[in-house]
**Student:** 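Got a structure for you, questions after.
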Amino acid sequence: MNIAAQAVGLIGIACSLISFQYKKREKVMLFQMIASAMFCIQLFMVGAVTGGCIDSISFVRTAIFSQNDKKWASSPIWLYVFIIAMIGTGILTWQDGWSILPILGSVLSTIALWMKKASHIRIVSLFVGPCWLVYNIVHGAYTGAVNELLAMASIIIGIVRHDVKKSSENKA
């Protein structure tokens, strides 16, 4: 096990968890970008080139999506630019059959982050975690895998708290 890579992943986990504790969107997005950078570095450290390259695009995506209050960053063209970039990068850096997982996970994540309704974001995001979880385990990015487990647990809690409860309250 590459201890340095796992340590970088731990920093990524910390930034990811910390990000959701801020009230202001700017801080949330900043810590999400740092987390993305840490997981990108971790993936390169363990030799998972496809995932590392795609995560570098995710970093840029988060930076642009964080500016979506500005006209230039709110253009729907960005959704397509990032989806095409992730698929193209995945094809160009293809290492093995597992390379499909970060491509699929990142495309789904990009679609989810573009959505406006929180319940839709949660549902689509739930399918992102398993892609990255398996990819991280296969490539030895174990702290990245732990991050995905934490994210999936958080998403499930959010679905239960906000979507399932709301649905059952509306029926009552």
Side-chain angles (χ1 to χ4, degrees), residues 1-21 28-66 78-115 119-160:
M1 175 184 346
N2 185 332
I3 294 174
Q6 304 315 317
V8 170
L10 281 174
I11 295 168
I13 290 172
C15 290
S16 181
L17 294 175
I18 289 168
S19 73
F20 296 111
Q21 302 310 309
V28 172
M29 297 301 273
L30 173 65
F31 277 90
Q32 281 292 307
M33 287 189 310
I34 295 169
S36 183
M38 293 298 105
F39 291 123
C40 175
I41 291 166
Q42 179 188 41
L43 288 167
F44 282 124
M45 290 175 79
V46 298
V49 176
T50 301
C53 289
I54 290 175
D55 244 0
S56 67
I57 295 169
S58 296
F59 174 86
V60 175
R61 176 201 63 202
T62 304
I64 290 176
F65 283 9
S66 72
W78 288 112
L79 175 66
Y80 303 106
V81 164
F82 288 118
I83 289 172
I84 291 167
M86 288 172 177
I87 293 170
T89 299
I91 291 168
L92 291 172
T93 62
W94 190 272
Q95 291 178 284
D96 53 33
W98 298 109
S99 295
I100 192 71
L101 294 173
I103 298 168
L104 180 59
S106 292
V107 167
L108 288 172
S109 178
T110 300
I111 292 167
L113 291 173
W114 192 258
M115 295 177 155
S119 61
H120 294 162
I121 294 169
R122 283 188 286 275
I123 290 167
V124 174
S125 293
L126 191 56
F127 295 96
V128 172
C131 295
W132 281 103
L133 173 69
V134 172
Y135 184 80
N136 284 330
I137 291 170
V138 166
H139 287 89
Y142 302 116
T143 49
V146 169
N147 183 66
E148 295 306 325
L149 288 171
L150 293 170
M152 288 186 297
S154 179
I155 292 166
I156 291 167
I157 290 167
I159 288 171
V160 170

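Residue numbers run from 1 in the order of the sequence given.
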**Student:** In Å, rounded to the nearest 0.5 Å, how long is the span from OG1 of T62 to CG of L113?
**Tutor:**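 Output value for this atom pair is 6.5 Å.
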**Student:** Indicate yes or no for a side-chain donor-acceptor contact from Y135 to the backbone of G51 under 3.5 Å, with no hydrogens or angles considered.
**Tutor:**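 Yes, Y135 side chain to G51 backbone: donor-acceptor pair under 3.5 Å.
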**Student:** Can you tell me how far apart CZ (F127) and CG (L108) are? Round to the nearest 0.5 Å.
**Tutor:**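 Atom-to-atom, F127:CZ and L108:CG are 8.5 Å apart.
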**Student:** Is there a side chain to side chain contact (heavy atoms under 4.5 Å, CB included) between S154 and L150? Walk through the geometry before answering.
**Tutor:** CA-CA 6 Å; S154 179; L150 293 170; over 6 Å; no
**Student:** Are the side chain of Q6 and the backbone N or O of Y142 linked by a donor-acceptor pair below 3.5 Å?
**Tutor:**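 It does hold such a pair.
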**Student:** Can a side-chain donor-acceptor contact be found between Q32 and S19 if the only test is distance below 3.5 angstrom?
**Tutor:**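 A pair is found: one side chain offers a donor N or O, the other an acceptor, under 3.5 Å apart.
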**Student:** If only atom types and distance count, is the side chain of Q95 paired as donor or acceptor with the main-chain N or O of G47 below 3.5 Å?
**Tutor:**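 Side chain of Q95 to backbone of G47, a donor-acceptor pair under 3.5 Å: yes, one is there.
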**Student:** Please report the C-alpha distance between D96 and S99 in whole Å, then the side-chain angles of each, then the deciding distance to 0.1 Å, and finally whether the side chain to side chain contact (heavy atoms under 4.5 Å, CB included) criterion is met.
**Tutor:** CA-CA 6 Å; D96 53 33; S99 295; 3.8 Å; yes
**Student:** Provide the closest heavy-atom pair for P130 versus M152 in the form atom of the first, atom of the second, distance.
**Tutor:**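 So the minimum-distance heavy-atom pair works out to CD-SD, 3.4 Å.
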**Student:** Rounded to the nearest 0.5 Å, how far does SG of C40 lie from CD1 of I57?
**Tutor:**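 One finds 9.5 Å between CD1 of I57 and SG of C40.
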**Student:** Is atom CZ of F44 surrounded by more than 12 heavy atoms (other residues, nucleotides or ligands) closer than 6.0 Å?
**Tutor:**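 Yes.
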**Student:** What is the minimum heavy-atom distance between A145 and I137, and which atoms define it?
**Tutor:**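 That would be CB-CG1, 3.7 Å.
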**Student:** If we ignore hydrogens and angles and just use 3.5 Å, is the side chain of T93 paired with the main-chain N or O of T89 as donor and acceptor?
**Tutor:**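 Yes, T93 side chain to T89 backbone: donor-acceptor pair under 3.5 Å.
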**Student:** Is S109 reaching over with its side chain to a backbone N or O of G105, donor-acceptor style, under 3.5 angstrom?
**Tutor:**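 A pair under 3.5 Å: no.
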**Student:** With sequence neighbours left out, which residue pairs that include part of residues 93-115 fulfil the ring-ring contact (aromatic ring centres under 6.0 Å, His included) condition?
**Tutor:**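 Every ring-ring contact (aromatic ring centres under 6.0 Å, His included) pair that includes a residue of residues 93-115, provided the two are not neighbours, is F65-W114.
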**Student:** Atom CD1 in I123, atom NE2 in H120: separation rounded to 0.5 Å?
**Tutor:**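 Rounded to the nearest 0.5 Å, the CD1-NE2 separation comes out at 6.0 Å.
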**Student:** I want to check something: taking the side chain as every heavy atom from C-beta on, are F39 and I13 in contact at a cut-off of under 4.5 Å?
**Tutor:**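 A side-chain contact exists here, since the closest heavy-atom pair is under 4.5 Å.
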**Student:** For residues G140 and V46, report the shortest heavy-atom separation together with the two atoms involved.
**Tutor:**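 Nearest pair, atom of G140 first, then V46: O-CG1, 3.8 Å.
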**Student:** Taking A5's backbone N and O only, do any of them form a donor-acceptor pair with Q42's side chain (distance below 3.5 Å, no angle check)?
**Tutor:**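 Here the side-chain-to-backbone pair exists.
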**Student:** Determine, stepwise, if the pair T110 / W78 fulfils side chain to side chain contact (heavy atoms under 4.5 Å, CB included).
**Tutor:** CA-CA 10 Å; T110 300; W78 288 112; over 6 Å; no
**Student:** Can you see which heavy atom on V8 is nearest to which on M45, and at what distance?
**Tutor:**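 Between these two residues, the closest heavy atoms are CG2-SD, 3.8 Å.
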**Student:** Which heavy-atom pair separates A112 from V124 by the least distance, and what is that distance?
**Tutor:**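 Scanning both residues, the minimum pair turns out to be CB-CG1, 3.7 Å.
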**Student:** Side chains of I11 and T143: closer than 4.5 Å at any heavy-atom pair?
**Tutor:**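 No, too far: nothing below the 4.5 Å cut-off.
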**Student:** Between atom SG of C15 and atom CE of M33, what is the distance when rounded to the nearest 0.5 Å?
**Tutor:**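 Spacing of SG (C15) from CE (M33) equals 11.0 Å.
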**Student:** Is there a donor-acceptor pair under 3.5 Å between the side chain of S16 and the backbone N or O of G12?
**Tutor:**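 It does not hold such a pair.
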**Student:** Roughly how far, to the nearest 0.5 Å, is CD1 of I87 from CD1 of I54?
**Tutor:**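 The CD1 atom of I87 is 9.0 Å from CD1 of I54, to the nearest 0.5 Å.
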**Student:** Going by heavy atoms in the side chains, are L43 and W132 under 4.5 Å from each other?
**Tutor:**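 Yes; the side chains approach each other to less than 4.5 Å.
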